[in-house]
Amino acid sequence: IEYALVSTHGKTHESLLRTDAEPLHLQLALLLLGATNSPSSSAGTSSGSAVSIEIAWKRGWWWKRRHLEELVRSRRDKRALSRAPWIYTGSRTIDGTFAAQSSGSIISLIGDPEALINRAGADPADDENWLPFARRIPRVNTQVQVSIHLHTR
């Protein structure tokens with residue numbers, strides 16, 4: 001997988017989760033909360049507000065909660081993602097069009113300049129390494145809550 005979250009018109013075949021939420025609405029919400037951003041370059045460098053991401057879903061009568069990093073593992077070493085920060089980069093505008101809205105890219109594992117949120121230090125060329133951590137993810141078609149927590153200084 002290359003993405004943790006995309007909109008329904010995004011690259012759903014390469015993503016752990018999909019949402020009906022519009023990337024533009026998430027962009028506006030993060031900006032209104034005071035997040036700062038600088039869209040990532042094609043080299044994967046980025047700056048912006050640090051965020052953490054939690055996924056929750058109902059299991060019977062209780063909620064199961066996991067940090068996003070716990071749901072993705074490396075193909076090479078079979079380990080979950082390390083707890084490095086996620087960076088709100090805010091996507092970019094191409095010919096007057098908000099790229100995240102067009103591509104549906106919201107949370108990227110590989111350093112996508114069109115995604116709203118990228119993994120700190122993500123390698124854009126590392127698009128074959130990440131897999132869902134099958135024992136830890138919710139079943140297909142389970143409704144989940146994705147919480148994006150803005151880190152304040």
Note to self: For a quick check under 3.5 Å, do His67 and Ser52 share a side-chain donor-acceptor pair by atom type?
What the structure shows: no
Item checked: Gap separating the CZ atom of Phe98 from the OG1 atom of Thr93, nearest 0.5 angstrom -> 7.0 Å
Next item on the list: Would you check if Glu2 and Asp112 make a side-chain contact, meaning some heavy-atom pair closer than 4.5 Å?
Entry: no
Next item on the list: Over all heavy atoms of both residues, which pair between Ile87 and Gly48 is shortest? Give the atoms and the distance, please.
Entry: CG2-N, 3.6 Å
Notebook entry, point to check: Any idea which heavy atoms bring Leu116 and Gln27 closest together, and the distance?
Noted result: CD2-OE1, 3.4 Å
Item checked: Phe133 with Leu68, same ILVMFWY side-chain cluster at under 4.5 Å -> no
Checklist line | Joint cluster assignment, Leu17 & Ile137, ILVMFWY side-chain distance < 4.5 Å | finding: yes
Note to self: Please check if the number of heavy atoms outside Arg18 that lie under 6.0 Å from its CZ is greater than 12.
What the structure shows: no
Margin query: Working note: Leu81 + Arg119, criterion side-chain contact (heavy atoms from CB on, under 4.5 Å); need CA distance, chi angles, decisive distance, verdict.
Written below: CA-CA 10 Å; Leu81 280 171; Arg119 182 124 171 100; 3.6 Å; yes
Next item on the list: State whether the side chain of Ser91 and the backbone N or O of Glu114 hold a donor-acceptor pair below 3.5 Å, judged by distance alone.
Entry: yes
Notebook entry, point to check: Can you tell me if Asn118 and Tyr88 form a side-chain donor-acceptor pair at under 3.5 Å?
Noted result: no
Check: Can you tell me if Gln101 uses its side chain to pair, donor with acceptor, with the backbone of Leu24 under 3.5 Å?
Finding: yes
Item checked: Donor on one side chain, acceptor on other, Thr97 and Arg92, under 3.5 Å -> no
Next item on the list: Verify the distance criterion only: is there a donor paired with an acceptor across the side chains of Gln145 and Trp63 at less than 3.5 Å?
Entry: no
Check: Do the side chains of Leu71 and Pro132 get nearer than 4.5 Å, heavy atoms only?
Finding: no
Checklist line | Val146 and Thr19: CA distance, side-chain angles, deciding distance, side-chain contact (heavy atoms from CB on, under 4.5 Å) verdict | finding: CA-CA 9 Å; Val146 178; Thr19 182; over 6 Å; no
Checklist line | Pairwise side-chain contact, Arg66 with Trp57, heavy-atom cut-off 4.5 Å (strictly under) | finding: yes
Next item on the list: Any chance you could lay out the salt bridge (charged side-chain N to carboxylate O under 4.0 Å, His left out) test for Arg65 and Glu54, step after step, and finish with the verdict?
Entry: CA-CA 7 Å; Arg65 297 182 192 285; Glu54 183 181 77; 3.8 Å; yes
Margin query: Check for me, please, whether Val51 and Leu109 land in the same ILVMFWY cluster - side-chain distances under 4.5 Å, paths through other members count.
Written below: yes
Margin query: Is the shortest side-chain heavy-atom distance between Lys78 and Arg73 below 4.5 Å?
Written below: yes
Checklist line | Between Thr89 and Asn37: side-chain donor-acceptor atoms closer than 3.5 Å | finding: no
Notebook entry, point to check: Which atoms form the tightest heavy-atom contact between Pro23 and Ser7, and what is the distance?
Noted result: CD-CB, 4.1 Å
Check: For Glu128, does its backbone N or O pair with a side-chain atom of Arg75 as donor and acceptor, under 3.5 Å?
Finding: yes
Notebook entry, point to check: For His149 and Ile53, what are the C-alpha separation, side-chain angles and deciding distance, and is it a side-chain contact (heavy atoms from CB on, under 4.5 Å)?
Noted result: CA-CA 6 Å; His149 303 274; Ile53 302 165; over 6 Å; no
Item checked: Nearest atoms (heavy-atom pairs only) where His9 meets Ser102 -> CD2-O, 3.7 Å
Notebook entry, point to check: Just how far is it from atom CD1 of Ile117 to atom CD1 of Ile107, taken to the nearest 0.5 Å?
Noted result: 4.5 Å
Checklist line | Same apolar cluster: Trp86 and Tyr3, side chain cutoff 4.5 Å | finding: no
Item checked: Stepwise side-chain contact (heavy atoms from CB on, under 4.5 Å) check, Ser108 with Glu14 -> CA-CA 10 Å; Ser108 178; Glu14 295 178 341; over 6 Å; no
Notebook entry, point to check: Between the side chains of Ser49 and Thr36, does any donor sit under 3.5 Å from an acceptor?
Noted result: yes
Next item on the list: Return the minimal non-hydrogen interatomic distance between Ala21 and Ile106, and the atom names on each side.
Entry: O-CD1, 4.3 Å
Next item on the list: Keeping the roles fixed (side chain from Ser103, backbone from Ala99), state whether a donor-acceptor pair exists under 3.5 Å.
Entry: yes
Notebook entry, point to check: Would you say Ile55 and Val72 are hydrophobically clustered, going by side-chain heavy atoms of ILVMFWY under 4.5 Å?
Noted result: yes
